[in-house]
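First the structure, in the form of structure tokens, and then the observations on it.
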Amino acid sequence: MYQSLLTETSERICTITINRPDKLNALNKTVIKELGQVIDSINNDPAIGGAIITGAGPKSFVAGADISEFLTLDPATGTELAQLGQDNVFTKIEYSSKPFIAAVNGFALGGGCELAMACHIRMASQNAKFGQPEVNLGLIPGYGGTQRLAQLVGKGKALELIMSANMIDATEAHRIGLVNHVVSPETLIEESRKLLLTILSKGPGAVGKVIEAINALYDNNKNGFAEEIRLFGECFGTAEMKEGVTAFLEKRKAQF
Ligand code: COA
């Protein structure tokens, strides 16, 4: 049981709802701690294939880190806040071998935009709004925003969005490649589930290797092409690959 999260699992999908709607689901210390716990439990549970992250209420996905916790921080504790969040939540999602989809149902600002960007895929409802407004507070993004926004939309657009703190709507977020799809608020979860179920019908080991290989592109310590060759080779030792290829040759659907 979590204090600030709701979780529900069906058809191998764990849906995590950040549940502080009166504070627009801002990420306080409890939410960050509990997100870390739920991600660990998803990663360790063979019955769960992937996850959807969304926010409670019709208005907000996550309106950022909880600003009310900021005034007591100094450089050391500020560094610690960013480090712990990145290690226990954001990087852990990105490097999970299970697919995570952000179902962005409203404001995705600051840490909310960063949380969506840490997920492997972003689905946005038509009322979603994105932005990195930290400079309004004399801050910069601390949960990976400077890195992942530049990776997703390019350096120029990332610099503009973060330096101006301008908010963009779902259509613009889609246009610049920040989100994969824009759907109606009513169908957001259903469409996210549909896409995730498609992915979960594939070889799970292969899906995990896709995440690992693509992440290698953004890891300065790795050569992405070499990682792809290594992971491709590994596939030939798996029962999953034998089943997938045999099923194709026998003209039947693979059972993973
Ligand atoms: N941290 C803490 N509390 C937050 C919050 C945040 N990031 N974002 C919203 N809230 C709280 C508000 O303080 C308010 O609480 P209250 O009712 O106790 O006063 C409640 O959530 C509702 O927000 P409100 O500002 O009244 O809603 P709005 O519709 O007028 O404005 C936003 C919505 C998103 C534009 C506005 O809340 C906002 O700018 N939030 C901060 C965004 C931000 O800078 N995030 C980055 C943080 S690093």
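Atoms considered below: every heavy atom in the structure, side chains included; atoms not considered: hydrogens, waters and symmetry mates. Atoms within a ligand are numbered from 1 in the order they appear, just like the ligands themselves.
Comparing heavy-atom distances from atom 5 (C) of ligand 1 across A26, G106, G64 singles out A26 as nearest.
Checking atom 38 (C) of ligand 1 against the protein gives no heavy-atom contact under 4.0 Å. Distance check for atom 27 (O) of ligand 1: a protein heavy atom is found below 4.0 Å. Within the 4.0 angstrom cut-off, atom 7 (N) of ligand 1 has one or more protein heavy-atom neighbours. Within 4.0 Å of atom 13 (O) of ligand 1, not a single protein heavy atom is present. Checking atom 30 (O) of ligand 1 against the protein gives no heavy-atom contact under 4.0 Å.
The proximity of L139 to ligand 1, defined as any non-hydrogen pair under 4.0 Å, does not occur for either the backbone or the side chain. Proximity of A63 to ligand 1, defined as any heavy-atom pair under 4.0 Å, is shared by backbone and side chain alike. With a 4.0 Å heavy-atom cut-off, ligand 1 is reached by the backbone of I67 and by its side chain too.
The closest approach between L109 and ligand 1 falls below 4.0 Å for a heavy atom of the residue. Using a 4.0 angstrom heavy-atom cutoff, N28 does not count as in contact with ligand 1. Residue contacts with ligand 1: K59 is included, with a non-hydrogen atom under 4.0 Å away. The shortest heavy-atom distance from L24 to ligand 1 is under 4.0 Å.
Looking at S96, its side chain never comes within 3.5 Å of a backbone N or O of I93 through a donor-acceptor pair.
Within the structure, side chain to side chain donor-acceptor pair (under 3.5 Å) pairs that include any residue of residues 97-111 comprise T54-N105 (at least two apart or interchain).
Nearest protein heavy-atom contact of atom 20 (C) of ligand 1 is D22 O, 3.2 Å. Remark: minimum distance from atom 46 (C) of ligand 1 to any protein heavy atom is reached at P133 CG, 3.8 Å.
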Might you work through the salt bridge (charged side-chain N to carboxylate O under 4.0 Å, His left out) test for K209 and E228, ending with a clear yes or no? CA-CA 8 Å; K209 288 183 176 69; E228 185 183 279; over 6 Å; no
Working for salt bridge (charged side-chain N to carboxylate O under 4.0 Å, His left out), residues D66 and K29: CA-CA 8 Å; D66 192 320; K29 287 195 176 129; over 6 Å; no
Yes or no on side-chain hydrogen bond (donor to acceptor under 3.5 Å, both in side chains) for T17 and N19, after CA distance, side-chain angles and deciding distance? CA-CA 6 Å; T17 304; N19 190 29; over 6 Å; no
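Residue D66 has at least one heavy-atom neighbour below 4.0 Å for each of these atoms of ligand 1: 1 (N), 2 (C).
Using a 3.5 Å distance cut-off with no hydrogens or angles, the side chains of S201 and T198 do not pair a donor with an acceptor. Between the side chains of T30 and R20, no donor-acceptor pair is found at a separation under 3.5 Å. Checked by atom type, the side-chain pair Q83/D87 shows a donor-acceptor distance below 3.5 Å.
In the hydrophobic cluster analysis, where Ile, Leu, Val, Met, Phe, Trp and Tyr join through side-chain heavy atoms closer than 4.5 angstrom, I16 is grouped apart from L196.
For R12, there are no salt bridge (charged side-chain N to carboxylate O under 4.0 Å, His left out) partners, not counting sequence neighbours.
The distance criterion of under 3.5 Å between nitrogen or oxygen atoms is met by A65 with respect to ligand 1. The shortest N or O to N or O distance between K23 and ligand 1 is under 3.5 Å.
Residues L195 and I101 form a side-chain contact, since some pair of their non-hydrogen atoms from C-beta on lies under 4.5 Å apart.
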